[in-house]
Amino acid sequence: MQAVKSVSIKAVILLLAAVLLIGCTAGGTLAWMISKTAPVTNTFVAGDIGSLTLDESTGDSYIVTPGVDIVKDPVITFSGNNVDAYLFVEVQADGWEVSDDGMTYSIGSAREMSWEMDDRWTMLDSGVYYLEVFADENTLDADASDKHGIISGSRIRVSHTITKDTISSCTKDLGFIAYAIQKDGFDSVFEAWAQAKNASD
């Protein structure tokens with residue numbers, strides 16, 4: 001009887017040891033150090049090319065006087081873009097001669113009237129210029145705008161040697177058209193210009 005009791009006690013002790021071992025193992029699992037991040041919330045806002053206007057404060061009709069420069073200030077206002085964009089200007093200069101660099105326009109062999117494109121613009125093609133306008137970080141909170149002049153110094157130079165015959169013998173119409181298009185999604189500025197021009201025709 002004593003042997004049976006001794007075996008039972010040994011069995012109970014072994015069982016208790018096993019339970020303690022399992023308990024310690026489970027307790028060790030619960031003691032792992034844990035780190036957790038805060039949730040990341042993403043907000044999606046529609047891309048916006050913004051608004052585009054072309055204005056000038058000096059009117060659209062000018063009297064040419066020898067030796068007196070003409071103030072002409074066409075300005076493109078491009079605002080509210082939350083995407084990078086290309087801004088284009090197309091020059092319509094009937095009767096004006098274009099220099100080799102494509103940035104100077106003149107009438108008469110002695111440049112009796114002349115003007116240059118503002119140096120912020122880059123020539124893309126004959127009569128077409130562009131600049132890059134980056135996304136305005138403030139467009140979600142404020143209406144910021146950027147103004148871009150076209151004619152350098154907002155002046156057309158007039159020589160004191162210009163004559164009435166020179167003025168009247170030439171067609172001197174001068175006009176501008178502005179375009180804006182998103183930059184991303186195009187392989188080149190040429191491709192972007194082709195799309196902007198085709199979409200507006």
Handout entry: Within 6.0 angstrom of D60 CG, more than 12 heavy atoms from elsewhere
Key = no
Problem - Verdict with supporting geometry, I181 and W193, side chain to side chain contact (heavy atoms under 4.5 Å, CB included) - result: CA-CA 8 Å; I181 191 169; W193 163 243; over 6 Å; no
Practice task
Spell out, as yes or no, whether a donor-acceptor pair under 3.5 Å connects the side chain of D173 to the backbone of D94.
Solution key: no
Handout entry: Worked verdict on E90 versus K197 for side chain to side chain contact (heavy atoms under 4.5 Å, CB included)
Key = CA-CA 10 Å; E90 183 177 17; K197 178 69 172 169; 3.1 Å; yes
Problem - NE2 on H160 to OG1 on T65, rounded to 0.5 Å - result: 14.5 Å
Completion exercise
All heavy atoms of S57 vs all of D73, minimum pair found to be OG-OD2, 2.6 Å
Exercise for the section: Please tell me if the side chains of I70 and I63 come closer than 4.5 Å, counting only heavy atoms from C-beta onward. Expected result: no
Practice task
Only counting residues at least two apart or in another chain, list the ones meeting ring-ring contact (aromatic ring centres under 6.0 Å, His included) with Y105.
Solution key: W115
Practice task
Answer yes or no: does atom OH of Y62 have more than 12 heavy-atom neighbours from other residues, nucleotides or ligands under 6.0 Å?
Solution key: yes
Handout entry: Least distance between heavy atoms, A192 atom then Y86 atom
Key = CB-CD1, 3.5 Å
Practice task
Identify the two heavy atoms, one from M117 and one from V91, that lie closest to each other, and give their separation to 0.1 Å.
Solution key: SD-CG2, 3.9 Å
Problem - Student check: side-chain heavy atoms of E56 and V75 closer than 4.5 Å - result: no
Handout entry: Heavy-atom check, side chain of H148 versus side chain of V89, under 4.5 Å
Key = no
Fill in the blank from the handout: Heavy atoms of G95 and I107 approach each other most closely as O-CG1, 3.8 Å
Exercise for the section: Would you give the length of the straight line joining atom CG of D119 to atom CE of M103, rounded to the nearest 0.5 angstrom? Expected result: 7.0 Å
Practice task
Please test T163 against D165 for side-chain hydrogen bond (donor to acceptor under 3.5 Å, both in side chains), starting from the C-alpha separation and ending with a verdict.
Solution key: CA-CA 5 Å; T163 65; D165 290 340; 5.1 Å; no
Fill in the blank from the handout: CG of L124 to OH of Y129, rounded to nearest 0.5 Å, is 10.5 Å
Problem - Min side-chain heavy-atom separation R157-S159 under 4.5 Å - result: no
Handout entry: Exercise: identify the closest heavy-atom pair between A180 and F78
Key = CB-CE1, 3.6 Å
Handout entry: Flag side-chain contact, heavy atom, 4.5 Å: E116 against T104
Key = yes
Problem - Verdict with supporting geometry, I151 and F176, side chain to side chain contact (heavy atoms under 4.5 Å, CB included) - result: CA-CA 10 Å; I151 295 178; F176 305 96; 4.1 Å; yes
For residues 37-55, tabulate all N or O donor-acceptor pairs below 3.5 Å that involve a side-chain atom, not counting sequence neighbours.
residue: D48; atom: OD1; partner: G50; partner atom: N; Å: 2.8
residue: S51; atom: OG; partner: S79; partner atom: OG; Å: 3.0

Exercise for the section: Check step by step if side chain to side chain contact (heavy atoms under 4.5 Å, CB included) holds for V158 and V64. Expected result: CA-CA 8 Å; V158 180; V64 179; 4.0 Å; yes
Problem - Flag side-chain contact, heavy atom, 4.5 Å: T161 against E112 - result: yes
Problem - Taking every non-hydrogen atom, the tightest pair across K147 and T77 - result: NZ-OG1, 3.2 Å
Handout entry: Hydrophobic cluster membership, V128 vs I177, 4.5 Å side-chain cutoff
Key = yes
Exercise for the section: Is it possible for you to say whether V71 and I156 belong to one hydrophobic cluster, with membership spreading through side-chain heavy-atom contacts below 4.5 Å? Expected result: no
Problem - same_hphob_cluster(W121, F134) at 4.5 Å side-chain heavy-atom cutoff - result: no
